[in-house]
Asks: 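Quick one: the structure is below, and I'll ask about it shortly.
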Amino acid sequence: MPRNSPILTLRLAIATVVALSSTIRGRAAACVQTQDSLAAHIDLLLKDHMGTNRPGAVVGIIQNGKLVFQKGYGMADLERQAPNGPTRIYKAPALSKQFTAAAIVHLAQQKRISLDDRLQKYIPEFPAYGKNITINHLLYHTSGIRDYLVLMWISGKNLEETFTNKEVLKTILRQEVLDFEPGQRCVYSHSNYVLLAEILERVTGSTLSLYSARHVFGPLGMPGSGFDEEPRVLRNKPLALGYKKPGARYLPYRDRKQTVGDRGLYTMLSDLVVWDHIFYDTLSAGLGRALLQRGALTDGTAVPYGKGIIRSHYRGLPVHTHPGTFLGYGADMLRFPTKRTTIICLTNTDAIDPEKLTQDIADIYIFGERPTTTAPANAVDEASGGMTPSSAVVGGEALREFTGTYYSREQQATYSFFIEGGALWFVVGTNPKMKVVLWKKYERISFPYYGQENITIDFQRNSLGRVDGFILSAPRAANLKFIKE
């Protein structure tokens, strides 16, 4: 039969169609299997946060601008038996800063401020030592201003209580020094974004909540997002409650009026899909590019921070992120711009680390790994008296000279040290009492702030060798002086 026979050609064509059809069916089946497998793998990561008796999270994956995965885990409201899910609204403290920055960028685009303007142009009562701080320093965390949240906690204020922007401003203004000269270092401080919200309000006469609704959330089409300046704002919205577990059962955190700017954002999964689009959209007046522009130190060294967004790498790929938690709520948007993929998680329990969760999902979705369920090793907390050689610490009657009350005028706080059960304890404000270890070599104690970074207290002696005070330092608030009364 000739090579160009019509019958042979027809047979080849039919065979090709059959083979192609089989390939298409196989690919479709593979896609379904992949989607099912993805869901199963993510379910395994969140297996301890499923069911009707515990809070959890909502997870979403954006690929090429489309939401390709979305699912809720656990309950948004245990009392009302309302489940977590894509239509639920969550508070997202860490994501707040990029939206505050967006409002500031919009204000600058309207020529109402310049990002190079000095802080004292808008807040003239700011102490003289801050005369060289600019709006850019605030945006990029290079101002040297101490973190008010750390200051509040170490001064004994329960972080579940009410604290407004005006009250926080008083705390910031009461500080007598910066931690470093503006532009010399990049150290994360919530105070910077409270001050940005204050600047916006003084320039516009409008709150951050109203301004961002009109100029950010409204124009972008994000109806489920805003800044919560009053608990009643969310009273009629499908809000997930933030939960803690101090004992055998979950309890909701108290809902109080608190700061906006550094936090205060509420949002939902579909709105964050819209938000993610601006980082690829060339028609959004350059907002995404402006937010991603990295800051620099005085010597020209680039900092790993955009405006409210951390620019980093994960497993060799560039990422945009800003994870964080506060009072039961957690959030992260882990964006892989070169893959046009973003992984979102919004949580309502202290038990979930949003940063780890988005990275674990990235390991599955982007890097093709299977999830691991290996529990992390338990760390020994030296500040609570764990496995410490007795020769290295002060004990017995030698602890007595460190007891007493210590006061800081700058922080308006009193620490009371006392002995109980043969160990040294302290209490400050409404915080629970804390047992500590006093290291003999440095006459230093160390303890975790809110389960996070460690704070150190270095006791000081006068010329007679008597303990007369201490210096308290944290990574975001250094060299706070306390005098023994």
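This one's a predicted model, so the numbers in the text were calculated from it and none came from an experiment.
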Asks: Enumerate the residue pairs fulfilling salt bridge (charged side-chain N to carboxylate O under 4.0 Å, His left out) with a member in residues 241-253, sequence neighbours excluded, ordered by first and then second residue.
Replies: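 The answer is E160-K244.
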Asks: Under the 3.5 angstrom rule, does the side chain of T301 hit a backbone N or O of L297 as a donor-acceptor pair?
Replies: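 Here the side-chain-to-backbone pair does not exist.
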Asks: Just by distance, no angles: are the side chains of T325 and D350 close enough, under 3.5 Å, to form a donor-acceptor pair?
Replies: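 No.
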Asks: Of all residues at least two apart in sequence or in a different chain, which pass the ring-ring contact (aromatic ring centres under 6.0 Å, His included) check with Y148?
Replies: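 Residues passing ring-ring contact (aromatic ring centres under 6.0 Å, His included) with Y148: none at all.
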Asks: Yes or no on side-chain contact (heavy atoms from CB on, under 4.5 Å) for T405 and K484, after CA distance, side-chain angles and deciding distance?
Replies: CA-CA 6 Å; T405 59; K484 191 170 186 180; over 6 Å; no
Asks: How would you list, by chain and number, every residue that makes a salt bridge (Lys or Arg N to Asp or Glu O under 4.0 Å) with D271, sequence neighbours excluded?
Replies: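 Here no residue qualifies.
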Asks: My understanding is that only residues two or more places apart in sequence, or in another chain, count here; which of them pass side-chain contact (heavy atoms from CB on, under 4.5 Å) with R461?
Replies: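 Scan of R461 (side-chain contact (heavy atoms from CB on, under 4.5 Å), adjacent residues dropped) gives E401, F402, E443, V467.
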Asks: Kindly write out the residues that satisfy side-chain hydrogen bond (donor to acceptor under 3.5 Å, both in side chains) with T134, not counting sequence neighbours, or none if the list is empty.
Replies: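 By the side-chain hydrogen bond (donor to acceptor under 3.5 Å, both in side chains) rule, T134 matches H137.
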Asks: For Y122, give me all partners under ring-ring contact (aromatic ring centres under 6.0 Å, His included), at least two apart in sequence or on another chain.
Replies: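 Not a single residue meets the ring-ring contact (aromatic ring centres under 6.0 Å, His included) criterion with Y122.
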Asks: Side chain of D117, backbone of I135: donor and acceptor closer than 3.5 Å?
Replies: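 Side chain of D117 to backbone of I135: no pair is present.
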Asks: Can you give each donor-acceptor pair under 3.5 Å made by side-chain atoms of residues 94-104, sequence neighbours left out, with the distance rounded to 0.1 Å?
Replies:
from	atom 1	to	atom 2	distance (Å)
S96	OG	A92	O	3.3
S96	OG	P93	O	3.0
S96	OG	G264	N	3.4
S96	OG	L265	N	3.0
K97	NZ	Y188	OH	2.6
K97	NZ	D262	O	2.9
Q98	OE1	W275	NE1	2.8
T100	OG1	S96	O	3.3
T100	OG1	G261	O	2.7

Asks: Please step through ring pair (Phe, Tyr, Trp, His ring centres under 6.0 Å) for the pair Y243 and Y253, ending with a clear verdict.
Replies: CA-CA 6 Å; Y243 286 91; Y253 278 97; 8.7 Å; no
Asks: Under a 4.0 Å N-O cut-off, is there an ion pair linking K170 with E167?
Replies: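 Salt bridge absent between K170 and E167.
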Asks: What pairs meet the salt bridge (charged side-chain N to carboxylate O under 4.0 Å, His left out) rule with one or both residues in residues 293-321, with sequence neighbours excluded?
Replies: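 Qualifying pairs, neighbours excluded: R315-D363, R315-E369.
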Asks: Under 6.0 Å from the ring centre and within 45 degrees of the ring axis: does the NZ or CZ of R256 meet both conditions for the six-membered ring of F163?
Replies: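 Judged by the rule, R256 and F163 form no cation-pi pair.
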Asks: Determine which pairs satisfy salt bridge (charged side-chain N to carboxylate O under 4.0 Å, His left out) with at least one residue from residues 416-429, sequence neighbours left out, and list them in order.
Replies: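 As it turns out, the salt bridge (charged side-chain N to carboxylate O under 4.0 Å, His left out) pairs with a partner in residues 416-429, which skip direct neighbours, are E420-K433.
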Asks: Applying salt bridge (Lys or Arg N to Asp or Glu O under 4.0 Å), can you list everything that pairs with R80, at least two apart in sequence or on another chain?
Replies: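 R80 satisfies salt bridge (Lys or Arg N to Asp or Glu O under 4.0 Å) with D77 only.
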Asks: Take atom OH in Y129; do more than 12 heavy atoms of anything else shown fall under 6.0 Å from it?
Replies: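 More than 12 heavy atoms, drawn from other residues, nucleotides or ligands, come within 6.0 Å of this atom.
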Asks: Could you walk me through whether F482 and Y407 pass the ring pair (Phe, Tyr, Trp, His ring centres under 6.0 Å) check?
Replies: CA-CA 5 Å; F482 286 74; Y407 180 72; 7.9 Å; no
Asks: Would you check, one step at a time, whether the test ring pair (Phe, Tyr, Trp, His ring centres under 6.0 Å) holds for Y365 with F69?
Replies: CA-CA 11 Å; Y365 187 75; F69 178 87; 8.7 Å; no
Asks: Quick one: side-chain hydrogen bond (donor to acceptor under 3.5 Å, both in side chains) partners of H322, sequence neighbours excluded?
Replies: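 For H322 the side-chain hydrogen bond (donor to acceptor under 3.5 Å, both in side chains) partners, ignoring immediate neighbours, are Y305.
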Asks: Within a reach of under 6.0 Å around NZ of K166, are more than 12 heavy atoms found that belong to other residues, nucleotides or ligands?
Replies: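 Buried by this count: over 12 neighbours within 6.0 Å.
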Asks: Is N431 reaching over with its side chain to a backbone N or O of W153, donor-acceptor style, under 3.5 angstrom?
Replies: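 Here the side-chain-to-backbone pair exists.
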Asks: Distance-only, no hydrogens or angles: does the Q258 side chain make a donor-acceptor pair with backbone N or O of E161 under 3.5 Å?
Replies: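 Yes.
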Asks: Applying side-chain contact (heavy atoms from CB on, under 4.5 Å), name anything that partners T171, two or more places apart in sequence or on another chain.
Replies: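 For T171, the residues satisfying side-chain contact (heavy atoms from CB on, under 4.5 Å) (neighbours in sequence not counted) are L151, R174, Q175.
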Asks: So, does D179 use its side chain to make a donor-acceptor pair with the main chain of G144 at under 3.5 Å?
Replies: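 The answer is no, because no donor-acceptor pair under 3.5 Å joins these two groups.
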Asks: As a test of understanding, state which of T347, T349, D43, D48 forms a side chain to side chain donor-acceptor pair (under 3.5 Å) with Y73.
Replies: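 So the option named by the test is D43.
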